[in-house]
K.L.:
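Mind having a look at this structure? Questions to follow.
All values below come from the heavy atoms of this structure, side chains included, with hydrogens, waters and symmetry mates left out. Keep in mind that what you see is a predicted model, and the values were worked out from it rather than measured. Heads up: numbering here begins at 1 and tracks the sequence.
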Amino acid sequence: MQDALAERLGRAQARLRRHVVLALMGWSVLVGGSLVWNIQNEMRQTEQLATREARIHFNKDIAFRRWATRHGGVYVPVDERTPPSPWMAHIPDRDVVTDSGQPLTLMNPAYMLRQMMEEYAAEYSVRGRITSLNPLNPNNAADEWEASVLQRFATSDVREVSEVVDGPDGSHLRLMRAMITEIGCLKCHAGQGYQVGDIRGGIGVSVPLDGFRTLQSSALRLQAVSHGIIWMVGVVGIGIGGSRNRKRIEDEQADQRLLMELSHRNQTILNSVGEGIVGIDGTCAVIFASPSVTRILGWSETELMGKKFHDLIEPGTRVEGVPCPGVNSCCPTLMHGQGRQSVGELLRRKDAPPLPVEVQSSPVVEGGRVTGAVLVFHDISERLEGEVRRHELLERLERSNHDLQDFAYVVSHDLQEPLRMVSSYMGLVNRRYADKLDDDGRDFIAFAVDGAKRMSRMIADLVDFSRVETRGHAFAPVNMTQVVEDCLANLALSIDETGAVIAVQPDLPSAMGDREQLVRLMQNLVGNALKFRSPDRPPQIRIGGRLRDDGRREYWVADNGIGIAAEHHQRIFMIFQRVGATQVDGTGIGLSVVKRIVERHGGEITVESELGQGATFRFDLPG
């Protein structure tokens, strides 16, 4: 017995170790996934910032070129840096002399833009280029990257290309946009065969990425440190939980060992007493009784002989409908010749209360006819007491499970603390050093705080998800109209902000359920309709219900939002599943909680939707 218990303890501890390892792996994957996502997001934002700066410089260049084009160029004094352009020799009035004798030369838009770009690059390291596959000035000939982009402009509908290019002087974000021939361009380029609307070339900008990547490295280090802290807190929490579960398993095994020892002692006592064996004839009269019968029931052998066995059974334990004045154990056996087993009958004792026994009967067949039966019974009072103790143990285990659930909540609460610490300290950094940080630095702090808040919401939602079954209230009649009113009151701010129009069917059918969870269910569905609204129209939400033929209540929440593709109709109810390109605030757990609440109420939830056509969620509740 001790070896069996030790083996079971070893198996339980091995399972616990596997669960702890799986929890550590799951937690590591969760935190690692969050870190990878944040790193990718930082890198995307770095490239977006560089692209935005490139577009700013490009817009400045294109505005300058258009200004010069509308004015047909500008006359400037001739000097070493700005000699008359040999590529404009075909223009009759390229060179003029003022009344005072000052020689002037015409700078066309390309000449002016190139000179301005050269000065800007020398001052700010942001290089600009105006180029063409058929340049008027060979100095404007395209390099390899520019030539490939200009080929794309000529052979496709693409009009802008941006790309990170590595070179001997570091990485740059290069952006080029097609340059379309305008009327003012024909003054210099009509001779090349260009017409208004033709793609004459492109204007490009090259922005160095070293400064952006320095800021990106700082943000990535901050993400790594914050996620490392969060991971360590989770590992400590899992370790504490594993240690406490190990202690619980050992305590349960000790209790089981004690129960088995008690059961063994009881069985030994029962075996020493022996079973009662009684033989009866065809009339159910006792014709034989073993010595243990006398010892168990207190009746002497003389008193038992000839006594009807059913007279030994306490009234109230007979099977009604048996057409003999007999009892559970002997009458069916004598009538049908079939052995049977009966548990829980009470046998009268001479000077003691009735004894609960288990009776097994076997027919005695002679010449093909049932002439009697052999009844074997034994005392099951100890077994009944053991069942009471087992019930008490189950109650203790249930209390232990509740304690573990409370522990899970405490662990989740402890996990929230470092997240709040990260947010608080980042807020402190922002307040104390805001005047020393640029806009990018303040944005990075905001990103870190937002990430900590998202992790906090995810932990809280996971706790809610795990407690749908364990912390629900008993079912009671629920006024669903009032449930919807409470839901809309909770979402009043979001409804006002989105300008949503909500139509609620009057006198919704009532249901049986957990009112608090039903408010949460409705709130999640309406909240989703507000989040995934169409950008082209204000949200319109309809809430209704009906009494079905099977007695259950069916309810629905319909919207005119962005809709859900058919292949995602099942995935949206899975935890952490988010589908489609639209990204909104949330953890991806809301619909999983909804599904779990509906299933706790014995129902199911479905969605009817097409992409761009809104969605209708239907679920049923007991009446």
K.L.:
Measure from the side-chain N and O atoms of Asp486 to the backbone N and O of Ala489, and report whether any donor-acceptor pair falls under 3.5 Å.
P.N.:
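Between the backbone of Ala489 and the side chain of Asp486 there is no qualifying donor-acceptor contact (under 3.5 Å).
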K.L.:
Report the C-alpha separation of Lys307 and Glu303 in whole Å, then their side-chain angles, then the decisive distance to 0.1 Å, and conclude whether the salt bridge (charged side-chain N to carboxylate O under 4.0 Å, His left out) test is met.
P.N.:
CA-CA 7 Å; Lys307 195 176 186 71; Glu303 291 172 319; over 6 Å; no
K.L.:
Is it the case that Asn38 and Glu42 place a side-chain donor and acceptor less than 3.5 Å from each other?
P.N.:
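Glu42 and Asn38 do not have a side-chain donor-acceptor pair below 3.5 Å.
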K.L.:
Testing the basics here: between Met480 and Leu518, what is the closest heavy-atom pair and its distance to 0.1 Å?
P.N.:
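Here Met480 and Leu518 meet closest at SD-CD1, 3.9 Å.
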K.L.:
Could you tell me whether Asp620 and Arg548 make a salt bridge, using a distance below 4.0 angstrom between a side-chain N and a carboxylate O?
P.N.:
yes
K.L.:
Taking Ser243 for the side chain and Gly239 for the main chain, is one N or O donor matched with an acceptor at less than 3.5 Å?
P.N.:
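No; zero donor-acceptor contacts below 3.5 Å.
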K.L.:
Check this for me: does any side-chain nitrogen of one of Lys595 and Glu599 sit under 4.0 Å from a carboxylate oxygen of the other?
P.N.:
yes
K.L.:
Side chains of Lys531 and Ser494: any donor to acceptor distance under 3.5 Å?
P.N.:
no
K.L.:
Can you name the closest pair of heavy atoms from Leu346 and Pro354 and give their distance?
P.N.:
CB-CB, 3.9 Å
K.L.:
Checking side chain to side chain contact (heavy atoms under 4.5 Å, CB included) for the pair Cys487/Asn490: CA distance, chi angles, key distance, verdict?
P.N.:
CA-CA 5 Å; Cys487 158; Asn490 294 339; 5.5 Å; no
K.L.:
Under the 3.5 angstrom rule, does the side chain of Thr616 hit a backbone N or O of Ala558 as a donor-acceptor pair?
P.N.:
no
K.L.:
Looking at every non-hydrogen atom in both residues, tell me the closest pair between Ala529 and Asp559 and how far apart they are.
P.N.:
CB-OD2, 3.6 Å
K.L.:
Does Arg552 have more than 12 heavy atoms from other residues, nucleotides or ligands lying within 6.0 Å of its CZ?
P.N.:
yes
K.L.:
Mark yes or no for whether Gln482, through its side chain, and Asn479, through its backbone, hold a donor-acceptor pair below 3.5 Å.
P.N.:
no
K.L.:
Could you report the tightest heavy-atom contact between Leu488 and Val526, atom names first, then the distance?
P.N.:
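Distance-wise, the nearest heavy atoms are CD2-CG1, 4.3 Å.
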K.L.:
Rounded at 0.5 Å granularity, tell me how far CD in Glu485 sits from CG in Leu508.
P.N.:
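Rounded to the nearest 0.5 Å, the CD-CG separation comes out at 9.5 Å.
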K.L.:
Tell me whether Asp550 at atom CG has more than 12 heavy atoms from other residues, nucleotides or ligands lying less than 6.0 Å away.
P.N.:
yes
K.L.:
When you measure from the side chain of Ser226 to the backbone N and O of Gln223, does any donor-acceptor pair fall under 3.5 Å?
P.N.:
yes
K.L.:
Does CE in Met305 sit with more than 12 non-hydrogen atoms of other residues, nucleotides or ligands closer than 6.0 Å?
P.N.:
yes
K.L.:
For side chain to side chain contact (heavy atoms under 4.5 Å, CB included), just list the numbers for Arg369 and Val365, CA-CA rounded to whole Å, side-chain angles, deciding distance to a tenth of an Å, and then say yes or no.
P.N.:
CA-CA 5 Å; Arg369 184 172 62 88; Val365 181; 5.8 Å; no
K.L.:
Under the 3.5 angstrom rule, does the side chain of Trp27 hit a backbone N or O of Trp231 as a donor-acceptor pair?
P.N.:
yes
K.L.:
Which value, rounded to the nearest 0.5 Å, describes the distance between Leu547 atom CG and Ser510 atom OG?
P.N.:
11.0 Å
K.L.:
Flag the pair Asp514 / Arg600 as yes when at least one side-chain heavy-atom distance between them is below 4.5 Å, and no otherwise.
P.N.:
yes
K.L.:
Below 4.5 Å, heavy atoms only, C-beta onward: do Leu525 and Phe619 meet side chain to side chain?
P.N.:
yes
K.L.:
Between Arg520 and Glu516, is there a side-chain N and carboxylate O pair less than 4.0 Å apart?
P.N.:
no
K.L.:
To the nearest 0.5 Å, tell me how far Leu35 CG sits from Leu30 CG.
P.N.:
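Spacing of CG (Leu35) from CG (Leu30) equals 11.5 Å.
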K.L.:
List the steps and the verdict of side chain to side chain contact (heavy atoms under 4.5 Å, CB included) for Ile313 and Leu347.
P.N.:
CA-CA 5 Å; Ile313 295 182; Leu347 292 185; 3.8 Å; yes
K.L.:
Tell me the closest heavy-atom pair linking Leu304 and Ala289, and the distance in Å.
P.N.:
CD1-CB, 4.0 Å
K.L.:
Do Val374 and Ile277 come close enough that some side-chain heavy atom pair is under 4.5 Å?
P.N.:
yes
K.L.:
Counting only heavy atoms not in Glu604, do more than 12 fall under 6.0 Å of its CD?
P.N.:
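Incorrect, the count does not exceed 12.
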K.L.:
How far apart are the C-alpha atoms of Met522 and Ile543, what are their side-chain angles, what is the distance that settles it, and do they pass the side chain to side chain contact (heavy atoms under 4.5 Å, CB included) test?
P.N.:
CA-CA 9 Å; Met522 278 292 186; Ile543 302 173; 4.2 Å; yes
K.L.:
Starting at CG of Leu530, measure out to CD of Gln523 and round the result to the nearest 0.5 Å.
P.N.:
10.5 Å
K.L.:
Any side-chain to backbone donor/acceptor pair from Arg546 onto Tyr555? Under 3.5 Å, distance only.
P.N.:
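Such a contact is absent between Arg546 side chain and Tyr555 backbone.
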K.L.:
If you apply the rule ring pair (Phe, Tyr, Trp, His ring centres under 6.0 Å), what do you find for His601 with Phe475, and how did you get there?
P.N.:
CA-CA 9 Å; His601 288 73; Phe475 288 2; 4.4 Å; yes
K.L.:
Indicate the atoms forming the closest heavy-atom contact of Val607 with Ile564, along with that distance.
P.N.:
CG2-CD1, 4.2 Å
K.L.:
Report the distance from atom CD1 of Ile287 to atom CG of Asp281, rounding to the nearest 0.5 Å.
P.N.:
5.5 Å
K.L.:
Can you tell me how far apart CD1 (Ile597) and CD1 (Ile605) are? Round to the nearest 0.5 Å.
P.N.:
9.5 Å
